[in-house]
Amino acid sequence: MKKGDHLFLVDGSGFIFRAFHALPPLTRKSDGLPIGAVSGFCNMLWKLLTDARDTSVGVTPTHFAVIFDYSSKTFRKDLYDAYKANRSEPPEDLIPQFGLIRQATRAFNLPCIETEGFEADDIIATYARQAEATGADVTIISSDKDLMQLVTPNVHMYDSMKDKQIGIPEVIEKWGVPPEKMIDLQALVGDSVDNVPGIPGIGPKTAAQLLEEFGDLETLLARAGEIKQVKRRESIIANADLARLSRRLVELRLDTPLDMPLDSLVLETQDGPKLIAFLKAMEFGSLTRRVADACDCDASVIEPAHVEVQWGAAARGPDLDAGADTSGAQAPVKAGISKAAAADIYGAATPADLAKARAEAFTSAKIDRSCYVTIRDVEALDDWMRAARETGVIAFEAEGTSIDPMQAEIAGFSLALADNTHTPSGRDIRAAYIPFGHRSGSDDLLGSGRAEHQLTSGEVFERVKPLLEDAAVLKIGHNLKYAYLLLKRHGIEIASYDDVMLMSYVLEAGKGPHSLDALSDRWLGHMPASFKEVAGSGKSGLSFDMVDIERASVYAAEKADLTLRLSMVLKPRLAADQLTRVYERLERPLVATLARMEERGITVDRQILSRLSGELAQKAAAIEDAIYETAGERFTIGSPKQLGDILFGKMGLPGGAKTKTGQWSTSAQVLEDLAAMGHDLPRKIVDWRQLTKLKSTYTDALPGYIHPQTKRVHTSYSLASTTTGRLSSVEPNLQNIPIRTTEGRKIRTAFISSVGHKLVSADYSQIELRVLAHVADIPQLRQAFADGIDIHAMTASEMFGVPVEGMPSEIRRRAKAINFGIIYGISAFGLANQLSIDRSEAGEYIKRYFERFPGIRDYMDSTKAFARDHGYVETIFGRRAYYPEIRSSNPQVRAFNERAAINAPIQGSAADIIRRAMIRMEPTLQAAKLAARMLLQVHDELIFEVEDGEIEATLPVIVATMEEAAMPAIAMRVPLKVDARAASNWDEAH
DNA sequence: CCCCAACCGTA
DNA sequence: GTACGGTTGGGGG
């Protein structure tokens, strides 16, 4: 090894634990073998070996080794008997993965190094220093703080999960000391995980400060008498020997005997077939394909390797402590690839078998872009239409000239069909693009004209419209609402459809995005061409009709192809997981319902907004002057950074909270606190922020969304962007129009009904608390809702023994905050913040609440347990919300996921209820011969436009449909209550 | 031109 | 303490 070389040292043992806890807990091979950590490990190795240069490592390795712990009986155990004594057994799912990861390392042709009596860290340290001495550079792939002592200008660490380099500055930033002082710092702080004692009462912050002051540990111990803080001084003096022992435990050995000399770590070329055989045995479809591509191997002719799997204690090899429980040990299992992929799917015994067979068939099916065709004449189009009718199933996409389906024109259609949809093989899929709205990109004075060699829209519509409107032919799309709305504007109403985005959402809400890219990558092991690659972006970006037809054809046909493949994988999966009902009853019907709502839009009065904007501008300007006056200078008030400098620097006000980047927070809460202390400026800032927020986000932005033709505002609802099942609203977001302040409410007066109509707002009263009363079955809550009693007052009465009549508003306010807190998965910290009380008092409230309502605690505990066991929670209608991080080893992350998992069934059930109401609403109104049109949804509220003469007849229909929405699927144990009223604008209707 | 952090509007 | 989306400032390329 020499200068210019670069040695990569992977902390294999560290990676196993980290990956296991960071990755979704339920990643399993088809035979149930847990392989999440192995998968993460293989992907990381491949990335480092092929394009480390493109990660933040920035260099390509010349030498490479993966290091493991061999035995826990190391020299450290001799130094200190309790070392690592409180290490608990690794989780059961992790056990077989220890051996697999070693096998993976060998499959990658990489040295797999472990030495008896030493930890991986010592081996890494020894190699790193030796390599450094030759002038080479070293990257240690680990984020373990125990290794940070090794960092120098030539030795870096790399956190592969966060793609983050850790060098000297990063160590200082994180720990407050440079790497060479890490040993002393750790000696002072200790480590509860490894049972390194350290000095009691000294944490990282104090330790860094002491080392800054005294230089190093020995000096500190010698001069400990100078420390001013009594307790700290005494603790350090009393525990000096403990610190010295700790130092010996954390200091890494640089003299570990090395079986493999440094120079033997030179990176060898990959053995493609060997690696592929292993990856196939592990069923890593996506990585198998990437490796096969890179090695130019045909993966399909390579037999999966036979992999020995050990489930029992022996799986970890010798690094297990004596006396471990081996009762769960089983005989080694042979884990070859399952035969399912090759099985005749007609013979699939269960939906799960079919789903598995499809998934396997499609992850290894090759996608051949060269066989996509462009349809340019009516004969070809007729042929395709005939085939589509014969098959009865097509994947379909409408390519528009804008991402906004309310603005877009149609550039062309793409479709894909399988000659036999029961054959799970990519060979039988054909895909085509039908351009008819493309323009040529000539930049001359005449502008652009129609592109040549394409059918006319008339020719295409005449043939395609009947197919799209024929319920006997299933149309499969991805985010079909886009095409549905775009086509509806052009006189076509799609009948009979499926949406793979929604299938994925039902199957895996919370596990990641549901974009076509993400789904293709995940399920098909294939990354489609991105729109950017095809059309460019930014200033030079083209609208799709300007894209060259050949390029457009491949892009569009590929999308249809992938959509068809995805439906063949995901639809059986729905059945296997018993989620078909959720998909068919709660998701699919909303595509058409929402598309119609979006198309209708709502009238927003430009004049009202313009007048409000002027008022806001004047008021803000006046406050601005006053702010500059008080501050004594002009600055950018909207910059939290500059504002912080003024408030906490120049003016010397006491800082409150810090943001996560270490800046002083200038949040409304902090400013309110300062105002309460009698300071002038913070109040003004709060007022200024409110006014400018209203102006920029609402009064100034909304007019820009008024559609040039319809003169109305058309939001877009996103069906698959929340974990819980709620919708979200974008461009513009009409689910966050102000209501809480008088100033903000005025914006709602700009949302008006058209002439001869009124707006009707109908909202569920306390729907989430009612859902909670139902699912947790709380007698007092059920009774209160049955009797129509004020629920917060009832809660206060139960908790504080105050009668409901004449209850002080402060008492009720606190009970209300607790009720909300319960829905949000309560913590003493959060409740304390909300009520501005201290944490112990908040803890008392929670304790008392649980005493009065023990069923709520039971619900919370059982929900957490369910989430931990399954990785997801369910609404009362069976919708799933996944929380892959609920088993995180990070207590903060875990607690957050627990709270979210408690909230999701409540929020999600309420979301399901209003979805059911929306789906039923239109046919119900129609049956009642009412012309009311549903326009907007705001989570627990629906907004309609109703003819003046029909209001009295319509209100009860709306109310009943909403109140009965859970039935007959669920008989709620509490009644649902809906309030509805009509007015000429949204403010008065609500 | 793109991304992130901070902040704030809703249920 | 839950769930979202939009605007701004400020930094990077």
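Small disclaimer: the values here were computed from a predicted structure and weren't measured. Just so it is clear: chains get the letters A, B, ... in the order the sequence lines come, proteins before strands, and each one is counted from 1.
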Using a 4.5 Å cut-off on heavy atoms from C-beta on, say whether the side chain of Tyr849(A) contacts that of Met799(A).
yes
Figure out the CG/C1' separation between Leu671(A) and dC8(B), and round it to whole Å.
12 Å
Are Arg848(A) and Glu851(A) within salt-bridge range, i.e. N to O under 4.0 Å?
no
Donor-acceptor pair present, Asn736(A) side chain and dG9(B) base, under 3.5 Å
yes
Which nucleotide in the set dA5(B), dA3(C), dG6(C) lies at the smallest distance from any side-chain heavy atom of Thr661(A)?
dA5(B)
When you get a sec, tell me which of dG6(C), dT2(C), dT10(B) is the closest nucleotide to the side chain of Phe896(A)?
dT2(C)
Just how far is it from atom CD1 of Ile602(A) to atom NE2 of His714(A), taken to the nearest 0.5 Å?
11.0 Å
Per-nucleotide pairing state of DNA chain C [Watson-Crick or G-U, under 3.5 Å; [ ] pseudoknot-crossing; | other strand]:
.|||||||||||.
Among dC7(B), dT7(C), dA11(B), find the nucleotide with the atom closest to the side chain of Pro640(A).
dC7(B)
With the side chain defined as heavy atoms from C-beta on, Lys693(A) is closest, among dA3(C), dC8(B), dA11(B), to dC8(B)
Among dG10(C), dC8(B), dT10(B), which is the nearest nucleotide to the side chain of Ala668(A)?
dC8(B)
May I ask you to say what Ile826(A) touches in the nucleic acid, namely base, sugar-phosphate or nothing, with a heavy-atom cut-off under 4.0 Å?
base
Is it true that Asp687(A) and Arg683(A) make a salt bridge, defined as a side-chain N closer than 4.0 Å to a carboxylate O?
yes
Quick test of your reading of the model: are Lys619(A) and Glu743(A) salt-bridged, counting only N-O distances below 4.0 Å?
yes
What is the nucleic acid contact for Ile822(A), judged by heavy atoms within less than 4.0 Å: base, sugar-phosphate only, or nothing?
nothing
What nucleotide, of dC4(C), dC8(B), dA3(C), holds the atom closest to the side chain of Ser728(A)?
dC4(C)
With a 4.0 Å cut-off, would you call Arg611(A) and Glu615(A) a salt bridge?
yes
